[in-house]
Protein chains: 2
Amino acid sequence: MATTMSDVARAAGVSVMTVSNVLNGKPRVSAATRQRILDLVDELGYEINLSARRLRSDRTGSIGLIVPRFDHPYFGELAAQLSRLLAATGRHLAVEQSDASKEAELAALSMARLQTYDGVILSVVGLDHDDIDRIRPSLPVVLLGEQNMPRRFDQIHMDNVEGARLATAHLLERGARHVVLAGGGDEGHASMMTLRTRGWRAAHEDRGAALPPAGILTLEEFEMDCARVRVRDRLRDDPSVDAVFAITDQVAVGAMAGIRDAGLRVPQDVQVVGFDNLALARHVTPALTTIDPENAWIVEQAVALLDRRIDDREKDPEHLVSPVRLVERGTTRPR
Amino acid sequence: MATTMSDVARAAGVSVMTVSNVLNGKPRVSAATRQRILDLVDELGYEINLSARRLRSDRTGSIGLIVPRFDHPYFGELAAQLSRLLAATGRHLAVEQSDASKEAELAALSMARLQTYDGVILSVVGLDHDDIDRIRPSLPVVLLGEQNMPRRFDQIHMDNVEGARLATAHLLERGARHVVLAGGGDEGHASMMTLRTRGWRAAHEDRGAALPPAGILTLEEFEMDCARVRVRDRLRDDPSVDAVFAITDQVAVGAMAGIRDAGLRVPQDVQVVGFDNLALARHVTPALTTIDPENAWIVEQAVALLDRRIDDREKDPEHLVSPVRLVERGTTRPR
DNA sequence: GTGAAAGCGCTAACAT
DNA sequence: ATGTTAGCGCTTTCAC
């Protein structure tokens with residue numbers, strides 16, 4: 001069996017309460033007793049049982065992050081940043097995958113699993129307003145997502161429309177006449193996809209440019225494989241396409257491969273802009289022009305919101321929009 | 001307050017034990033009572049308190065995976081596969097980051113954090129044999145790693161030497177005369193790096209080929225940025241380099257960018273082989289020839305080992321070596 | 001400064 | 001088929 005607090009207490013000849021007080025940094029303990037207990041803790045290899053602490057008091061020092069998928073680099077980067085930030089305040093992060101399916105995401109949100117955390121940051125994908133509304137968490141939750149979400153939650157979303165508008169406007173400015181939107185679509189509720197599609201439209205409207213025919217290339221998944229094949233085929237069908245705004249950097253990398261498959265060059269024949277500014281974006285050749293969602297800002301705000309909510313469960317929910325900016329690299333032509 | 005079992009019991013007019021039995025699928029409960037309780041659970045929105053269950057009985061249905069970094073795609077892919085596999089048996093995965101530093105990794109391994117899991121899969125980086133040996137987990141742990149690890153743990157490692165040998169031999173076979181090892185090194189204990197370096201050496205010895213002078217390009221980090229710059233500089237210094245064996249796919253992608261920066265072509269001027277077979281490897285241009293570590297196999301075995309150990313804490317530890325194979329793509333020349 | 005008592009929500013073991 | 005008892009390891013409260 002693992003060493004418990006009462007083992008330490010017995011060895012030190014004190015009560016468990018004194019051990020608990022020492023371990024929690026409570027003030028009213030003599031220096032001598034404190035030191036003796038600390039030594040014993042080391043010697044016996046005592047480690048607190050977080051389940052017991054949690055059962056009695058809340059507070060585990062753990063924050064949960066629920067993401068749709070572990071193997072999407074965007075979430076990997078988000079998790080890494082969040083982890084670093086939390087470490088600064090002595091807490092740590094556990095990441096769980098919701099699998100982007102409604103059932104899995106709801107299961108991930110089940111209080112049972114969440115209770116082990118002091119608070120949870122939930123990246124909402126695949127849930128609509130009503131699904132989320134059914135969730136009545138008894139612990140602080142911050143929502144990260146694009147769709148319309150119940151106002152009673154603290155939430156952060158990217159400025160998807162503006163980002164997509166910037167991306168598309170940049171392409172049009174650089175001489176593109178026919179900007180295909182890879183991974184776009186108007187179906188369903190407000191989502192990353194529909195919002196970015198809206199931005200692509202808006203950029204055309206802003207300049208009085210006509211939307212290209214069949215300009216939206218739908219994708220089953222926002223993955224490289226899929227994007228590569230669809231973009232290649234689209235270019236073969238229609239040589240007038242001279243630019244791709246890809247809904248994510250992953251799609252953009254797939255699109256770049258597809259463009260090459262079609263025997264064309266980036267950016268001379270076809271320009272490309274992505275969205276996410278993944279680490280990867282700097283390292284493909286040519287380096288990818290993309291929209292930076294300011295993850296550092298998002299992460300910082302998410303923790304701030306969580307902390308404020310942990311502090312005051314009744315505070316008014318906040319609704320933040322992250323700034324976005326265009327990062328110009330080599331997949332678009334110089335002015 | 002959240003609904004507890006006794007709330008449900010009171011509402012159903014039964015004891016908490018009956019509720020517990022229903023929720024745990026115990027057989028000796030009448031169908032009528034079971035249904036009544038299930039309905040009430042729904043109605044009251046009851047969710048089990050895992051901390052309480054854990055405190056009493058072990059079993060949370062959660063498995064922990066500790067990885068050095070969230071933002072390395074290799075671990076993202078590993079976690080995703082593991083998550084999928086565990087879901088099949090009704091369990092779920094939480095991933096924690098150890099940050100690749102010794103302190104952080106030891107902290108991640110502290111029983112306090114691990115106790116919330118039924119078992120833990122630990123990807124060991126930055127710890128040597130003695131550090132790991134200091135760990136006396138009271139719960140099942142499977143080690144994933146390359147260095148020499150205490151035999152009392154169940155463990156899995158890749159066949160790094162063989163993989164590196166395959167990669168290097170392939171380059172030599174395809175006419176390479178000067179294979180630089182990007183990210184290699186002999187320093188420190190057995191590690192992914194030193195083992196792959198050994199394989200690179202062995203392939204040369206096998207063919208009676210001399211090792212190139214300054215053939216090992218050390219890298220501070222196995223990251224694209226770093227690899228790109230170092231490879232570019234190396235090629236500029238020494239035009240005789242005609243191949244790069246990159247210690248990881250990430251390094252390989254960086255190397256490919258560096259080769260282009262130096263004004264050379266892949267694979268005509270410089271061939272490249274990576275290691276990991278990330279999803280990314282198929283989508284760079286040209287597609288990356290690499291070593292596949294058979295992650296699916298690793299994940300499957302890790303869960304099997306964990307389950308066997310959960311079943312029998314006293315069983316003899318097992319020590320598995322994953323098979324590796326070469327995946328030939330476009331960064332090496334056809335035969 | 002230290003400790004005794006009570007109990008968080010659950011389940012194992014043993015009644016009935 | 002259902003209930004009773006006890007207790008997991010900790011913290012809260014209150015007493016000394």
Side-chain angles (χ1 to χ4, degrees), chain A residues 1-38 40-41 44-62 110-118 138-139, chain B residues 1-38 40-41 44-62 110-118 138-139:
Chain A
M1 268 325 291
T3 312
T4 73
M5 237 183 218
S6 66
D7 295 332
V8 178
R10 198 172 322 112
V14 297
S15 77
V16 283
M17 262 328 292
T18 303
V19 179
S20 173
N21 285 334
V22 168
L23 264 26
N24 289 296
K26 296 284 163 61
R28 325 202 143 272
V29 182
S30 75
T33 312
R34 159 165 287 123
Q35 195 49 56
R36 190 152 39 93
I37 288 173
L38 258 19
L40 246 13
V41 162
L44 302 177
Y46 169 74
E47 308 235 27
I48 195 161
N49 182 324
L50 285 178
S51 297
R53 167 181 281 177
R54 172 96 215 165
L55 185 56
R56 195 64 187 123
S57 77
D58 301 346
R59 292 195 301 124
T60 57
S62 307
S110 99
M111 293 316 310
R113 281 170 56 180
L114 266 41
Q115 277 160 342
T116 48
Y117 303 115
D118 292 346
S138 57
L139 85 174
Chain B
M1 267 326 291
T3 312
T4 73
M5 239 183 215
S6 65
D7 295 332
V8 177
R10 197 174 322 111
V14 298
S15 78
V16 282
M17 263 328 290
T18 302
V19 179
S20 172
N21 286 334
V22 168
L23 263 28
N24 289 295
K26 295 284 163 61
R28 323 199 142 273
V29 182
S30 76
T33 312
R34 160 165 285 123
Q35 195 49 57
R36 190 152 38 93
I37 288 173
L38 257 20
L40 246 12
V41 162
L44 303 177
Y46 169 74
E47 308 236 26
I48 194 161
N49 182 324
L50 285 178
S51 297
R53 167 182 282 176
R54 172 97 215 166
L55 187 56
R56 193 54 217 182
S57 77
D58 301 348
R59 290 196 304 120
T60 56
S62 307
S110 99
M111 292 316 309
R113 280 170 57 180
L114 267 42
Q115 278 160 343
T116 48
Y117 303 114
D118 293 345
S138 57
L139 86 174

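None of these values were measured; they are calculated from a predicted model. Just so it is clear: chains get the letters A, B, ... in the order the sequence lines come, proteins before strands, and each one is counted from 1.
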Margin query: For the backbone of B:Ala9 and the side chain of B:Ser6, can you confirm whether one donor and one acceptor N or O come within less than 3.5 Å of each other?
Written below: no
*Any side-chain N or O of B:Thr18 less than 4.0 Å from the OP1 or OP2 oxygen of D:dA1?*
no
When rounded to whole Å, the CZ to C1' distance for the pair B:Arg10 and D:dT2 reads 18 Å
In whole angstroms, the gap separating C1' of C:dC10 from CZ of B:Arg59 amounts to 10 Å
Q.
Run B:Arg53 and B:Asn24 through side-chain hydrogen bond (donor to acceptor under 3.5 Å, both in side chains) and show every step you take.
A. CA-CA 11 Å; B:Arg53 167 182 282 176; B:Asn24 289 295; 2.9 Å; yes
Taken to the nearest whole Å, CG/A:Asp7 to P/D:dC10 is 9 Å
Between B:Pro27 and B:Leu55, the residue closer to the 5' end of DNA chain D by nearest nucleotide is B:Pro27
Under 4.0 Å, heavy atoms only, any strand: does A:Thr33 hit a base, just the sugar-phosphate, or nothing?
sugar-phosphate
Of the listed C:dG3, C:dC10, C:dT2, the closest approach to the A:Val29 side chain comes from C:dT2
The residue, B:Met17 or B:Arg56, whose nearest nucleotide of DNA chain D is more 5′ is B:Met17
In whole angstroms, the gap separating C1' of D:dG9 from CE of A:Met5 amounts to 8 Å
Original post:
Does a nitrogen or oxygen in the side chain of A:Ser51 sit under 4.0 Å from OP1 or OP2 of D:dC8?
Top reply: no
Please determine whether a side-chain nitrogen or oxygen atom of B:Lys26 lies at a distance below 4.0 Å from atom OP1 or OP2 of D:dA1.
no
Side-chain atoms of A:Asn49 come closest, of D:dC10, C:dG3, C:dT11, to D:dC10
Separation of D:dG9 atom P from A:Leu44 atom CG, nearest Å, is 15 Å
- prompt: Does the side chain of B:Leu38 come within less than 4.5 Å of B:Leu23's, by heavy atoms?
  reply: yes
Atom CD1 of B:Ile48 and atom C1' of C:dG9 are separated, to the nearest Å, by 9 Å
Rounded to whole Å, the CG-P distance (B:Asn21 to D:dA1) equals 11 Å
- Are B:Ser20 and C:dC10 close enough that a side-chain N or O sits under 4.0 Å from OP1 or OP2? no
| task | Would you mind reporting whether A:Val29 and A:Ile37 have side-chain heavy atoms less than 4.5 Å apart? | result | no
Rounded to whole Å, the CZ-C1' distance (A:Arg54 to C:dG7) equals 17 Å
Should B:Arg28 be listed as having a side-chain N or O under 4.0 Å from OP1 or OP2 of D:dA1? yes
Check whether A:Thr60 reaches the backbone of A:Leu50 with its side chain - one donor and one acceptor, N or O, closer than 3.5 Å. no
- [ ] Check whether any side-chain nitrogen or oxygen of A:Ser15 sits under 4.0 Å from OP1 or OP2 of C:dT2, and answer yes or no.
- [x] no
Checking C:dC10, C:dT2, D:dA1 against the side chain of B:Thr4 (C-beta onward), the nearest is C:dC10
